Amino acid sequence: MQFTSFGFLLFAAAVLLLYYLIPKRGQWILLLAASYFFYIWAGVEYLFFILLTTVTTYAAANLMGSRLAKQDAYLAAHKGELSREERKGYKAQVKKGNRVWMVLCLAVNFAVLAVCKGLIIDPFRTMFQESGLSFLTVGLPMGISFYMFQSMGYVVDVYRGTAKAEKNFFRLALFVSFFPQLIQGPISKFGQVAPTLYQPHDFDGKQVSFGLQRMLWGYFKKMVIADRIAVAVVALKGDEFTGVGFALLGLFYAAQIYGDFTGGIDITIGLAQALGIQLPENFIRPFFSKNIAEYWRRWHRTLGEWMKDYIFYPISVSAPMLKLSKSAKQKLGNFGRRLPVYIASIATWFVTGIWHGLTPNFVVWGMLNCFFIVLSEELTPLYEKFHGRFHLKEKAWYGAFEMLRMFVLMNFIRACDLFPNVGDYFGRVGSLFTTFNFSILWDGTMMNLGLTALDYGILLAGVVLIFSVSLVQEKKGSVRELLWSKPAAVRYILLFALFLVVLLMGSYGIGYNASNFIYNQF
């Protein structure tokens with residue numbers, strides 16, 4: 001049941017209507033039932049996976065929570081009897097036992113995730129199909145990367161003591177399975193979403209309206225932009241498109257994945273808002289970034305924060321890394337002091353790469369991001385001297401240049417997604433410096449990519465509209481709040497016009513079923 005299917009629209013409308021009609025104490029139960037209906041609709045064969053994650057998460061968290069509660073009770077009862085060292089030793093013993101449960105839960109779940117991702121790629125898929133075990137290659141369970149990372153983050157937080165173990169199994173099951181998040185996140189922390197996920201909600205016309213408006217904006221980005229340009233992205237992957245053709249591929253893919261991913265997130269967060277539930281933002285206008293590090297603070301923020309909290313920080317501040325930092329500083333100076341940070345960055349980006357897929361191109365994609373971030377960090381003193389000498393930061397045009405530079409760089413890195421054969425990718429990148437076939441821009445080639453002149457016009461107008469709205473958000477804040485301050489007639493005319501654009505200019509066809517969201521595969 002894709003977000004862009006008519007079935008989903010009917011399903012979401014029914015859930016929204018029932019949500020505000022039933023007694024408020026039953027609202028979260030309705031969401032749990034709706035979430036499991038949604039998941040089973042995607043394939044009952046996948047039910048085992050989400051139940052396994054839910055059961056192991058619940059068991060590990062409550063075992064750790066119970067041990068922590070007993071620890072607190074014991075220490076309180078023997079407050080005057082235990083020395084400081086005895087208290088410290090007792091806590092260390094409890095923490096050691098909890099670490100066993102945490103590691104066991106993480107190992108089981110990440111092993112399942114690795115197997116699921118491994119069985120959808122060759123040679124493993126072919127091997128199992130030929131050996132009569134094709135039932136093992138049913139496909140990647142819907143949302144498994146998202147709900148598993150979200151659940152494992154919760155387990156780690158309970159271990160660290162920054163989150164309380166949820167004792168109600170069904171409430172935890174809702175946190176794991178909340179259906180708007182299943183397709184492509186965002187990856188929420190328990191403390192972020194729990195306050196609004198379980199509490200009763202009265203009907204709030206403004207919040208419901210804002211949620212539906214955001215959903216409509218998401219459908220515009222997905223159906224008018226992403227699904228329309230997808231055919232050209234497929235065409236430009238052809239072997240004949242090198243040089244300028246590859247540059248066009250990077251440009252078109254940027255529009256596709258931005259419209260696809262942010263459109264889906266808008267639908268998710270909008271529907272949750274209409275239900276009174278607050279989810280974390282996953283994008284903050286990433287194409288306004290001036291460097292790659294800033295870009296990753298704006299793009300897929302919840303994944304980046306997960307990697308930072310559970311991969312980067314634990315490695316960079318671990319005892320071995322602190323020891324390495326001290327010894328390396330004596331031999332390599334400031335670079336040696338930063339060496340543990342760079343090692344942690346490599347590990348973080350490696351994990352980020354394989355989270356996206358177990359094919360070499362995603363590992364290379366992660367390492368390219370890591371390389372340019374580390375390189376930029378190392379060159380920071382040089383940048384500062386350069387800017388201090390020429391005062392370019394004070395020039396308005398220089399900010400635009402920095403954004404364009406970042407955009408072009410990310411286009412080339414992002415294109416690695418599209419080439420499982422890494423050699424093909426680097427061959428295309430090399431062609432940028434050897435093949436200057438600018439003639440494809442005017443010799444009719446552009447009209448053979450599956451797009452008509454009307455399609456190009458709609459895409460150009462759509463991109464201009466998205467950029468304009470993003471610019472207003474960057475400078476003035478929420479566009480929906482600005483619209484809310486306008487007369488109702490103006491607001492509804494604009495929203496109805498956007499609805500007509502989606503209805504009339506969305507990518508449809510005979511037997512229409514919108515393209516799967518790109519991040520479904522992750």
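Everything numeric here is computed off the predicted structure, so don't read it as measured data.
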May I ask you to test the [X]-[Y] pair for a side-chain heavy-atom distance under 4.5 Å?
X      : Y      : result
Pro340 : Leu322 : no
Arg298 : Phe287 : no
Leu465 : Phe220 : yes
Phe246 : Phe412 : yes
Thr57  : Phe175 : no
His201 : Tyr19  : yes
Ile440 : Leu248 : yes
Met148 : Cys116 : no

[X], [atom1]: over 12 other non-hydrogen atoms inside 6.0 angstrom:
X      : atom1 : answer
Tyr313 : OH    : no
Phe350 : CZ    : no
Glu294 : CD    : yes
Lys206 : NZ    : yes
Phe499 : CZ    : no
Phe436 : CZ    : yes

Between Tyr383 and Phe386, is the ring pair (Phe, Tyr, Trp, His ring centres under 6.0 Å) condition met? List the steps. CA-CA 5 Å; Tyr383 292 152; Phe386 177 80; 8.3 Å; no
Would you find a donor on one side and an acceptor on the other, under 3.5 Å apart, between the side chain of [X] and the backbone of [Y]?
X      : Y      : answer
His300 : Trp296 : no
Gln181 : Pro186 : yes
Arg428 : Phe241 : yes
Gln256 : Ala230 : no
Ser470 : Ile466 : yes
Asn361 : Cys416 : yes
Thr162 : Val158 : no
Arg480 : Phe210 : yes
Asn437 : Ser439 : no
Lys117 : Trp355 : yes

Report the distance from atom [atom1] of [X] to atom [atom2] of [Y], rounding to the nearest 0.5 Å.
X      : Y      : atom1 : atom2 : answer
Leu459 : Leu454 : CG    : CG    : 9.5 Å
Met223 : Ile225 : CE    : CD1   : 12.0 Å
Phe149 : Thr53  : CZ    : OG1   : 12.0 Å
Leu271 : Leu16  : CG    : CG    : 7.0 Å
Ile183 : Tyr147 : CD1   : OH    : 13.5 Å
Phe252 : Leu236 : CZ    : CG    : 6.0 Å

Do Ser485 and Glu481 have side-chain N/O donor and acceptor atoms under 3.5 Å apart? no
Are Glu377 and Tyr342 close enough that a side-chain donor and a side-chain acceptor fall under 3.5 Å? no
Step by step, would you call Phe288 with Phe467 a ring pair (Phe, Tyr, Trp, His ring centres under 6.0 Å)? CA-CA 10 Å; Phe288 284 91; Phe467 176 80; 5.7 Å; yes
One pair to check against side-chain hydrogen bond (donor to acceptor under 3.5 Å, both in side chains): Asp455 and Thr452. What are the steps and the verdict? CA-CA 5 Å; Asp455 287 324; Thr452 66; 3.2 Å; yes
Which of parallel (below 30°), tilted (30 to 60°) and perpendicular (above 60°) describes Phe283 and Phe261? perpendicular
For Phe38 and Phe179, take the angle between the two ring planes, folded into 0 to 90°, and tell me which bin it lands in: parallel under 30, tilted 30 to 60, perpendicular over 60. tilted
Would you sort out whether Asp157 and Tyr310 count as a side-chain hydrogen bond (donor to acceptor under 3.5 Å, both in side chains), showing the intermediate values? CA-CA 9 Å; Asp157 286 344; Tyr310 305 116; 2.9 Å; yes
Ring pair (Phe, Tyr, Trp, His ring centres under 6.0 Å) between Phe11 and Phe3, worked out: CA-CA 10 Å; Phe11 170 73; Phe3 280 176; over 10 Å; no
Residues in side-chain contact (heavy atoms from CB on, under 4.5 Å) contact with Val234, at least two apart in sequence or another chain: none
Sorted by chain and number, sequence neighbours left out, side-chain contact (heavy atoms from CB on, under 4.5 Å) with Asp424 holds for Phe419, Asn421
Give me the atom names and distance for the closest heavy-atom approach of [X] to [Y].
X      : Y      : result
Ala274 : Val208 : O-CG2, 3.5 Å
Trp28  : Leu197 : CB-O, 4.0 Å
Tyr425 : Ala415 : CE1-C, 4.0 Å
Pro314 : Arg160 : CG-NH2, 3.5 Å
Arg228 : Gly506 : NH2-O, 4.4 Å
Gly276 : Thr196 : O-CB, 3.7 Å

side-chain contact (heavy atoms from CB on, under 4.5 Å) between Leu31 and Val15, intermediate numbers included: CA-CA 8 Å; Leu31 292 181; Val15 170; 4.2 Å; yes
Could you tell me whether Arg414 sits above the aromatic face of Trp299, with NZ or CZ closer than 6.0 angstrom to the six-membered ring centre and within 45 degrees of the axis? yes
Is it true that Phe312 and Trp349 have ring centroids separated by less than 6.0 Å? no
Please step through ring pair (Phe, Tyr, Trp, His ring centres under 6.0 Å) for the pair Trp365 and Phe362, ending with a clear verdict. CA-CA 5 Å; Trp365 170 87; Phe362 287 113; 7.0 Å; no
If we check side-chain contact (heavy atoms from CB on, under 4.5 Å) with Ile292, which of these qualifies: Ile413, Leu368, Leu375? Ile413
Under the criterion side chain to side chain donor-acceptor pair (under 3.5 Å), which of Asp266, Asp227, Thr262 is the partner of Lys222? Asp227
Going through the checks in order, is the side-chain contact (heavy atoms from CB on, under 4.5 Å) test met by Val156 and Met152? CA-CA 6 Å; Val156 175; Met152 294 307 98; 5.6 Å; no
